[in-house]
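Chain letters run A, B, ... following the sequence lines, proteins first, then strands; residues in each count from 1.
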Amino acid sequence: MNGRFKWSMYMAAKYQPNEIEGKWQQFWENERTFYTNEASLAPKFYMLEMFPYPSGRLHMGHVRNYSIGDVVARYKVKCGFNVMHPFGWDAFGLPAENAAIERGVHPAGWTYANIKDMRGQLQKLGLGYDWDREIATCHPDYYKWEQLIFLRAYEKGLVYRKKALVNWSEKMQTVLANEQVIDGVDYRYGLPVIQKELTQWFFKTTAYAEELLDGIDNVLEENWPRRVLLEQRSRIGKSHGARVEFRLEEAIEGETTLPVFTTRPDTLWGVTFMSLAAEHPMALKLAEGTDKEADVNAFIQKTLSEDKRKRGSEDYEKQGVFTGKYCTNPVNGTKVPVYIANFVLMDYGTGAVMAVPAHDQRDFEFAQKYGLPIKVVIHPDENTSLDAAAMTEAYVEDGVMVNSEMFNGKNNRESIEQIADYLEEKGWGGKTINYRLRDWCVSRQRYWGAPIPVIYCDKCDVVPVAEDQLPVMLPEDVKFEAEGGSPLAKCESFVHTTCPKCGGAARRETDTFDTFMESSWYQLRYASPRFEKGPVDPAAIEKWLPVDQYIGGIEHAVGHLMYSRFYHRLMQDLGFFPKSVSPEPFHKLLTQGMVCKETRFTKDENGNPVWHTDDDIDENGMSKKNGQKVLTGRVEKMSKSKYNGVDPEAIMARYGVDSARMFVLFASPPENDLVWKDEGVEGVHRFLSRVWNMVQQRLDDLKVAAAFDGNTAGLSSDGKELHKLTHQTIKGVTEDVHERFHFNTAIAKSMEFMNAISKFRGEAGNAQDASVQRDAVLVLVNLLSVFAPHICEELWQLLGQTGSISTVAWPTYDEDAVKESTITIAIQVMGKMRGTVEAPAGCSKGEMEKLALAHENIQKHIEGKTVRKVIVVPGKLVNIVAN
RNA sequence: GCCAGGGUGGCGGAAUUGGUAGACGCAAGGGACUUAAAAUCCCUCGAGUGAAAACUUGUACGGGUUCGAUUCCCGUCCCUGGUACCA
């Protein structure tokens, strides 16, 4: 013990997380540490993670998502922000209905029980939420506002009805969601699913295409992951082109022209036929009453009955049928045959395509198959011409226009705009912009969702439910069966109603909303979760929106994130909150990676894998199921089917919450996939134990030491080093946490700091050393408290500090204290490392060069050579060029 | 096919602007303590040569720019994700 601090002589208590964690969770709840203070004048910070579906079981993906969010929220609290960090439940959805069918439990009961269970599990994670703001989207107080928003949008013409195809199972007499259809058959019986047309409700998302693009350019560009923006841009799919109207031989239902969209008006003179989608409204009409009618009908029926996914697949054979009709190319009066083709999509452009086989590969293949003419209108250049008869594929590159009247000899790319202007001038079409984005179909033929507030009357047609009649409640007394259609449609008491207009007998809409409707505006509702006069309190929106930091899975890159961006603008335009609020709901986005684990398996007699959990394997690596040697498979996303999931509760029970949280933060940066390793959790658990033991062992010294006054003069050289490292660590950790969210490196720096503190032994009797050690330990606990809050609260208290570490200010560093007094200079000869030398900080270039040349090993390397040049990077490196 | 992002020890990952590659952790090996084990602590740890000092080599592969390249440029291979008859 000579020259050292006394160590506590009693046996310090071992780190036992389960004994302290509950206590501090209760403390935060009692003190309302993480509840928003509406009266606070501090700047606001709205922190939000994507809310979960209440499946009933917390999984590691949740632990990761919410741990990341909690670090940011805790950090912002410590930085003095007035933080709003709410939580809720995306509570409508299919699993509840499946549970009802399979186990006879009511979706509502099942859902609320799951919420209770999951809330308990989350609270055990020690997450700092404002539970006063909790919402569940299946609650009428939530969905009634959604119904109101829908009605207002309907009034404004932003909602409409049209026919659309759905997946229909004859066996089950019901509509299936896309995920319930696997390779064209249903998930339950494996029987065929057909496409059936139903009238459904749509939001006019397309009206916002341009605004959604503007938001990306003006607000999100720097703040959202590039990947997500790219996916959103490509989903919106803006493309410039021209509309061209081909004349029909005779009017069909009053239509005299067949409009097409093309991005290549420069190939207009090369059109040799026309292709229509099978769904095109004119498809059936064209052949009506002709000898082609039977063939055309058969072809359309065949195409429509095929699975959407199959139609989109690569090896799908391009087929078509001639309608017997022709239309006329306005620019040159050429009559071209009209075909129905199975590769033309009704969803894009006008559902009709002008076919230019010479310059489009699909049209080329189609023309060859059906013996249609190929007409070249672009040559690669003046000296190279194409021969249609000799072509083996379409020429899609740029070149010189030919056979195109007044455009002959011109560059095709440069002529595109002029041709569009020419069409406009002649009244044959004109410039246009087309979007890939489709209107949003919100009708779902399911029970467990928000009812669409509409009534159908034989006399008055479609009648919206009066606003004072909202909510249209989801009835509870319904039967759930796998077969026989929607429970809501069979619920007589729900369906039969009176018409609000004429008072006669009428029927209610029995479809419910897509669950993306609920998740599109929950971030707005959180600002005033119990507001009774509307979906949102405008004052609260002005105060809290936008969300400053949003965190969630990359799988929502387009779906949820596109719908909520649309919905935010929609609600703003409907006047629910003012235009002064940002048009974007989420200003910063972090998309975290998946939680994965290696898979373990044996093989059955057919060579197919039989997945194993860790518990299925004995200590010799053999299967308890079949006695075979267990093999290790790829690292894959944790899933029930692969048996590679890890139960968060088991981990928490074994290592404690802080270790579980810390591991998911330390194992990799948030945006990467995380590979789960039990040994890794043990590692961070060991680290936390070392912190715990260090504080316990030095507690007596730490408690009696005076607060460090910042005066470094009296410190021993080790003391000076520790003081410097303290400030360097604050700087490094702050930078890692602040914008980069690189918690893995922040934790690594804390570990290095901890290792240095453990090694530190102050000079005997040096009070300044004792103080600087105290300062270091307090800083360590403060920094770690955002990652491992429970142990840090306990240690903070143990160290005799008052208050909660959760509300103590984040430490700040002194720029001078961070600076090194001596620097290590790297010395290279011809760019190769040959040694290092210590030099005082601020050492001049000349001195650096002198020190480098004097280095023993360097002399050896430059011996007998001429020094041509010496490159000196101040404070870093000297490179000697010699030969 | 197209678009995007990657490829660094046995593993997860560091290296923020071109300047000492491999921080931190895991695993592994060796040692201390113990009757023993666990726990804990100490040491080693990219590959090769060497007793050591040191040297060679090394960030998918092949080139280039540079005094100097994991980092910048060109080409190739591989992986992951998104998207796909988009007219």
Side-chain angles (χ1 to χ4, degrees), chain A residues 14 225-231 233-235 237 239 241-242 244 260-265 267 275 277 311-314 316 318 341-345 347-356 359-363 365-366 434-436 554-555 557-558 593-594 598 635 662-663 666-669 671-684 686-687 689-690 693 732 735-736 739-740 742 744-755 758 824-836 856-857 860-861 868-882:
Chain A
K14 205 179 153 216
R226 242 159 59 97
R227 242 188 89 181
V228 176
L229 296 180
L230 250 138
E231 278 176 41
R233 276 205 184 94
S234 93
R235 172 63 62 94
S239 69
V244 189
V260 301
F261 170 75
T262 180
T263 52
R264 296 291 305 275
T267 63
S275 327
R311 276 181 80 181
S313 77
E314 253 174 82
Y316 188 66
K318 288 176 184 48
N342 62 0
F343 62 87
V344 179
L345 306 171
D347 278 353
Y348 190 78
T350 62
V353 181
M354 59 175 227
V356 187
H359 305 291
D360 180 281
Q361 188 57 26
R362 284 161 314 185
D363 295 343
E365 286 167 28
F366 195 88
N434 190 59
Y435 298 92
R436 185 166 10 215
I554 187 72
E555 66 274 18
V558 276
M594 297 180 295
E598 64 188 14
V635 169
M662 191 103 160
F663 172 72
F666 179 61
S668 70
E671 61 273 17
N672 284 19
D673 283 350
L674 180 148
V675 183
W676 182 269
K677 288 254 164 77
D678 282 354
E679 302 90 328
V681 191
E682 270 173 51
V684 291
R686 257 196 308 262
F687 166 69
S689 297
R690 278 203 303 274
N693 293 337
E735 284 168 359
D736 286 346
E739 292 284 318
R740 297 201 324 147
H742 278 204
N744 56 332
T745 52
I747 292 171
K749 283 170 185 132
S750 308
M751 286 174 166
E752 283 183 79
F753 186 36
M754 163 60 203
N755 293 342
S758 306
T824 307
I825 293 164
I827 313 172
Q828 301 181 338
V829 178
M830 301 297 289
K832 279 193 172 156
M833 272 299 296
R834 295 302 175 189
T836 57
E856 197 187 348
N857 202 37
K860 221 166 76 190
H861 278 277
R868 303 278 174 201
K869 198 172 166 189
V870 180
I871 288 136
V872 183
V873 182
K876 281 213 167 132
L877 160 148
V878 178
N879 187 15
I880 298 158
V881 186

* Going 5' to 3' through nucleotides 6-14 of chain B, assign each nucleotide B (protein heavy atom under 4.0 Å from a base atom), S (under 4.0 Å only from sugar-phosphate atoms) or - (no protein heavy atom that close). => -----SSSS
Students often get this wrong, so: under 4.0 angstrom with heavy atoms, is [X] touching a base, only sugar-phosphate, or nothing?
{"X": "A/Ser750", "answer": "nothing"}
{"X": "A/Asn857", "answer": "sugar-phosphate"}
{"X": "A/Gln828", "answer": "base"}
{"X": "A/Gly683", "answer": "sugar-phosphate"}

Expressed as a whole number of Å, how far does the [atom1] atom of [N] sit from that of [M]?
{"N": "B/G25", "M": "B/A15", "atom1": "P", "answer": "16 Å"}
{"N": "B/C79", "M": "B/C43", "atom1": "P", "answer": "43 Å"}
{"N": "B/A60", "M": "B/U70", "atom1": "P", "answer": "9 Å"}
{"N": "B/U16", "M": "B/U71", "atom1": "P", "answer": "13 Å"}
{"N": "B/A69", "M": "B/G19", "atom1": "C1'", "answer": "10 Å"}
{"N": "B/U17", "M": "B/G6", "atom1": "P", "answer": "13 Å"}
{"N": "B/G46", "M": "B/A51", "atom1": "C1'", "answer": "22 Å"}
{"N": "B/U8", "M": "B/A14", "atom1": "C1'", "answer": "10 Å"}

* **Residues which pass side chain to side chain contact (heavy atoms under 4.5 Å, CB included) with A/Ala667, listed by chain and number, not counting sequence neighbours** => A/Phe663, A/Leu674
* Applying side-chain contact (heavy atoms from CB on, under 4.5 Å), run through A/Val635 and A/Trp676 and close with a yes or a no. => CA-CA 9 Å; A/Val635 169; A/Trp676 182 269; over 6 Å; no
From the set [options], return the single nucleotide nearest to any side-chain atom of [X].
{"X": "A/Arg362", "options": "B/C67, B/A54, B/C85", "value": "B/C85"}
{"X": "A/Arg690", "options": "B/C26, B/A87, B/C41", "value": "B/C41"}
{"X": "A/Thr836", "options": "B/C26, B/A87, B/U20", "value": "B/U20"}
{"X": "A/Arg227", "options": "B/A4, B/A54, B/A27", "value": "B/A4"}
{"X": "A/Lys832", "options": "B/C26, B/U16, B/U57", "value": "B/U57"}
{"X": "A/Glu231", "options": "B/U20, B/A87, B/G82", "value": "B/G82"}
{"X": "A/Glu735", "options": "B/C26, B/U16, B/U20", "value": "B/U16"}
{"X": "A/Glu679", "options": "B/C85, B/C26, B/C67", "value": "B/C26"}
{"X": "A/Arg226", "options": "B/A4, B/C24, B/G68", "value": "B/A4"}
{"X": "A/Tyr348", "options": "B/U16, B/C86, B/A54", "value": "B/C86"}

* To do: Measure across A/Val872 and A/Pro874 and return the closest heavy-atom pair with its distance rounded to 0.1 Å.
  => O-CD, 3.5 Å
* What are the two closest non-hydrogen atoms of A/Phe261 and A/Gly241, and how far apart are they? -> CE1-CA, 3.8 Å
Measure the distance from [atom1] on [X] to [atom2] on [N] and round it to the nearest whole Å.
{"X": "A/Asn693", "N": "B/C41", "atom1": "CG", "atom2": "P", "answer": "8 Å"}
{"X": "A/Arg834", "N": "B/A54", "atom1": "CZ", "atom2": "C1'", "answer": "10 Å"}
{"X": "A/Leu230", "N": "B/C2", "atom1": "CG", "atom2": "P", "answer": "16 Å"}
{"X": "A/Lys749", "N": "B/U16", "atom1": "NZ", "atom2": "C1'", "answer": "9 Å"}
{"X": "A/Met594", "N": "B/U80", "atom1": "CE", "atom2": "C1'", "answer": "9 Å"}
{"X": "A/Ile827", "N": "B/G68", "atom1": "CD1", "atom2": "P", "answer": "18 Å"}
{"X": "A/His861", "N": "B/A54", "atom1": "NE2", "atom2": "C1'", "answer": "8 Å"}
{"X": "A/Leu877", "N": "B/U20", "atom1": "CG", "atom2": "C1'", "answer": "8 Å"}

* Give a yes or no answer on whether the side chain of A/Arg436 reaches the backbone of A/Ser234 with a donor-acceptor pair at less than 3.5 Å. => yes
* Asked: Is the A/Phe366-A/Phe343 ring centre distance short of 6.0 angstrom?
  -> yes
* Is A/Arg686 near enough to B/C26 that one of its side-chain N or O atoms lies under 4.0 angstrom from OP1 or OP2? -> yes
* Hey, is the side chain of A/Asn755 poking within less than 4.0 Å of OP1 or OP2 on B/A23, counting only N and O atoms? -> no
* To do: Dot-bracket for RNA chain B, please, read 5' to 3', with Watson-Crick or G-U wobble pairs under 3.5 Å on both distances, ( ) within the strand, [ ] crossing, | other strand, . unpaired.
  => (((((((..(((......[....))).(((((.......))))).((((....))))..(((((..]....))))))))))))....
* **Along RNA chain B (nearest heavy atom to each residue), the more 5'-positioned of A/Asp363 and A/Lys869** => A/Lys869
* Map A/Thr824 and A/Met830 onto RNA chain B by nearest heavy atom, then report which one ends up closer to the 5' terminus. => A/Thr824
* Which label fits B/G9, syn or anti, where anti is any glycosidic angle not within 90° of 0? -> syn
